[in-house]
Structure formats: C-alpha cells, structure tokens
Amino acid sequence: MKVRLLEATEDPEELICNAARNDYMTEFVGETPFDEVMASIDGESLETKQETLIGHLLDHGHFGPFEHPQATFAVEGVSRSCMAQITRHRHVSFDVQSMRYVSFDEVDPDEVRDGEMVVTPPSATDPDWVGRNQQSGSVGEETAEKRETLFQDAVADAVESYQELLDLGMPPEDARFVLPIGTEVNMVMSMNVRMLMHVADMRAAADAQWEIRQMTEEILDLAAEWCPLTFEHYDEHMKSRKNRLAP
C-alpha cells in the first residue's frame with residue numbers, strides 16, 4: 001500500500017480560523033487582514049492564537065469551519081474489500097481504477113502466489129494473528145502453513161481462470177467476476193478536514209479491519225503535516241473516540 005497527498009488547500013488553518021471568526025465579526029472577513037481577524041483571540045503569536053481557536057472549536061463541537069479546507073489523496077494497492085469500506089463514507093469523493101477498462105491479462109499467476117495483484121491478509125501467514133470475529137485464537141505452524149497454501153492457491157487459480165476467460169473472448173467487465181475481493185485497486189479520494197477526522201474516528205479505531213486502519217493512519221500522518229494544529233489536537237484529545245463529527 002502507498003498513500004500520497006496529491007493536492008490540498010493552502011494555509012488550511014488560516015482558512016478554518018477565517019471561517020470561524022466570520023460568525024462573530026461585524027467586519028467583512030474577506031477584506032480584513034488575518035492578524036486583525038484574530039486580534040481578540042488569546043495568544044502571544046498568530047500561531048498561538050490559531051492553536052487556541054482551533055482547540056476551542058474542536059472541544060466545543062463547532063465543526064463547520066473544518067469543512068472548508070480539502071485534501072486529495074492517491075492510494076495504491078488496497079484490496080477491493082478495503083475500497084468497499086471506505087467508499088461507504090458519503091461525503092468523500094472517489095475515483096477508482098476500473099476493472100472494466102484495466103485488465104490483468106499479463107500478470108503471472110505464480111507471482112500472485114507470492115503477493116502480486118492480490119492483498120494477502122496477515123491471518124493467512126501469521127499463526128499468532130487474531131482478528132475481529134475470529135472464532136479461534138492462535139494456531140500452530142502446520143495450520144498456518146495450510147492456510148497460507150490454501151489462500152495462495154485460491155487466488156492464483158482465480159487469476160488464472162480470469163485470464164482464461166479473457167482468452168475465450170469474455171469482456172473484462174464480466175471476467176472480473178471470478179477475481180477475489182482481495183484484488184488490488186488504486187484510487188483517488190478527496191475530503192474536507194471534518195470528514196477526514198470522522199473517517200479517522202471510524203477507520204483508525206481499534207475495532208476497524210487491519211488494512212483500512214493502516215490506510216487511515218497513513219492518511220493521518222500526511223494530514224498532520226498539512227494541517228498540524230488541527231490534527232495534533234485531534235490526536236491528543238479526540239482520537240479513539242466517537243466524536244459525532246459526521247456532517
């Protein structure tokens with residue numbers, strides 16, 4: 001999996017503060033210098049004032065101003081299962097690699113056994129891995145080896161069948177039906193800061209599946225560089241809680 005920040009609002013926290021202060025100002029925020037907009041906020045520096053205001057907004061559930069800055073992320077190599085989970089979020093915009101127009105006719109099924117094209121879950125190889133809703137605990141090495149072999153054979157056979165169907169003239173949009181839900185996909189997604197925090201509430205939680213949790217944590221790392229005051233406060237005071245952030 002790879003996650004990259006493609007594009008993002010410049011000065012996102014200045015925008016958040018401008019939007020929030022607009023609600024309480026007589027002056028038109030569009031024609032007021034930012035230092036004057038923030039003049040009544042506690043703090044010795046402009047950054048400290050921003051930190052104060054952003055913390056106050058988040059602590060008091062005033063999430064509307066966080067809907068203005070937006071970021072776009074490119075994600076490579078997640079499973080269709082992970083994609084199905086993240087695309088349930090209604091206020092995120094997606095473009096997803098098409099399996100109608102992109103075919104995988106040149107992938108070697110033997111390489112699929114080694115991890116090409118299909119995401120391999122940790123439970124397929126790690127005898128000590130225990131996932132949510134798993135009916136048993138850790139298993140022995142022999143059982144783990146059987147799971148790994150069965151998984152590898154199943155996904156490789158599926159890809160081989162898919163390619164044979166293409167050779168027999170079936171269109172990619174129909175041949176894809178035999179591919180596993182673990183088939184890798186690339187996507188681009190855009191969301192505002194409020195929605196990003198909501199996604200983190202749901203998908204970086206301890207009870208989220210390992211893959212979408214990893215993806216969300218990588219997105220949060222990028223968000224912390226882009227919008228540092230907001231996500232520092234989120235990480236310290238809000239993460240791992242259900243914060244009612246959904247729009």
Side-chain angles (χ1 to χ4, degrees), residues 1-5 8-9 11-24 38 41-43 47-75 78-79 81-94 121-123 129-134 137 187 189-247:
M1 177 191 305
K2 293 180 184 176
V3 181
R4 299 287 185 269
L5 180 63
T9 301
D11 294 328
E13 288 167 328
E14 181 174 323
L15 178 56
I16 291 166
C17 292
N18 267 320
R21 289 296 299 137
N22 171 77
D23 299 353
Y24 303 97
M38 299 293 287
I41 305 299
D42 291 338
E47 182 177 351
T48 305
K49 290 173 180 286
Q50 287 179 272
E51 184 176 4
T52 298
L53 180 55
I54 286 170
H56 178 83
L57 295 171
L58 292 173
D59 289 342
H60 289 80
H62 188 181
F63 301 131
F66 296 90
E67 295 180 17
H68 298 290
Q70 181 160 302
T72 301
F73 302 91
V75 182
V78 293
S79 70
S81 174
C82 182
M83 182 202 73
Q85 294 175 64
I86 192 65
T87 52
R88 290 193 180 103
H89 293 281
R90 295 178 295 116
H91 297 284
V92 184
S93 299
F94 296 95
S123 57
W129 184 274
V130 178
R132 191 182 185 195
N133 299 325
Q134 186 170 331
M187 60 185 175
M189 57 184 181
S190 298
M191 67 190 95
N192 62 49
V193 173
R194 177 179 182 170
M195 194 63 204
L196 203 162
M197 289 187 288
H198 173 63
V199 168
D201 279 358
M202 302 293 107
R203 304 304 184 176
D207 59 353
Q209 191 179 22
W210 58 273
E211 187 184 15
I212 198 167
R213 190 167 67 244
Q214 177 186 340
M215 183 187 74
T216 305
E217 290 288 359
E218 292 193 28
I219 289 172
L220 283 173
D221 287 343
L222 294 170
E225 297 178 12
W226 165 58
C227 201
L229 300 176
T230 300
F231 284 97
E232 181 179 357
H233 189 96
Y234 175 84
D235 189 60
E236 291 182 4
H237 303 286
M238 300 172 67
K239 194 175 181 182
S240 303
R241 290 171 23 195
K242 305 301 184 185
N243 295 292
R244 299 184 180 275
L245 277 151

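Along the sequence shown, residues are numbered consecutively beginning with 1.
In terms of the salt bridge (charged side-chain N to carboxylate O under 4.0 Å, His left out) criterion, E14 has no residue partners (sequence neighbours excluded). Partners of A84 by side chain to side chain contact (heavy atoms under 4.5 Å, CB included), not counting sequence neighbours: none found. For H62, the side chain to side chain contact (heavy atoms under 4.5 Å, CB included) test picks out D23, Y24, L57, P65, with sequence neighbours left out. Residues forming a salt bridge (charged side-chain N to carboxylate O under 4.0 Å, His left out) with R21 (at least two apart in sequence, or on another chain): none.
Annotation for Q209 and Q85: closest pair OE1-NE2, 2.7 Å, computed over non-hydrogen atoms. What you find for M238 and D201 is that their closest heavy atoms are O-OD1, 4.4 Å. Shortest non-hydrogen contact noted between T216 and A200 is CG2-CA, 3.8 Å. In terms of heavy-atom proximity, Y234 sits nearest to M197 at OH-O, 3.4 Å. Considering every non-hydrogen atom in both P69 and L15, the closest pair reads N-CD2, 3.8 Å. Across every non-hydrogen atom of F94 and H89, the tightest pair is CE1-O, 4.0 Å.
Between the side chain of S190 and the main chain of S93, no donor-acceptor pair closer than 3.5 Å is present. No side-chain donor-acceptor contact under 3.5 Å links N192 to the backbone of H68.
The only member of T72, I86, V199 that meets side-chain contact (heavy atoms from CB on, under 4.5 Å) when paired with M189 is I86.
Taking CD1 of I219 as the reference point, atom CZ of F73 lies at 5.5 Å (rounded to 0.5 Å). Here H56 contributes atom NE2 and I41 contributes atom CD1; the two are 8.0 Å apart, rounded to the nearest 0.5 Å. L58 contributes atom CG, which lies 12.0 Å from atom CD of E236 (distance to the nearest 0.5 angstrom). Taken to the nearest 0.5 Å, the CG atom of L220 stands 12.0 Å off from the CD atom of E225. Summarising the geometry, atom CZ belonging to F63 is positioned 6.0 Å from atom CG belonging to N243; distances are rounded to the nearest 0.5 Å. Between the CD1 atom in I16 and the CD atom in E67 there is a gap of 11.0 Å [rounded to 0.5 Å].
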For residues 226-233, please give each side-chain donor-acceptor pair under 3.5 Å, one per line with the distance, not counting sequence neighbours.
| unit_1 | atom_1 | unit_2 | atom_2 | d |
| --- | --- | --- | --- | --- |
| W226 | NE1 | T9 | O | 2.8 |
| T230 | OG1 | E13 | OE2 | 3.0 |
| H233 | NE2 | D59 | OD1 | 2.8 |

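Counting heavy atoms from C-beta outward, K49 and D42 have side chains that stay 4.5 Å or more apart.
For the salt bridge (Lys or Arg N to Asp or Glu O under 4.0 Å) condition, the pairs that include at least one residue of residues 211-222, sequence neighbours left out, are E217-K239.
At a cut-off of 3.5 Å, with distance as the only test, no side-chain donor of R244 or H198 sits close to an acceptor on the other residue.
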Between K2 and V75, is a side chain to side chain contact (heavy atoms under 4.5 Å, CB included) present by the stated rule, with each step listed? CA-CA 6 Å; K2 293 180 184 176; V75 182; over 6 Å; no
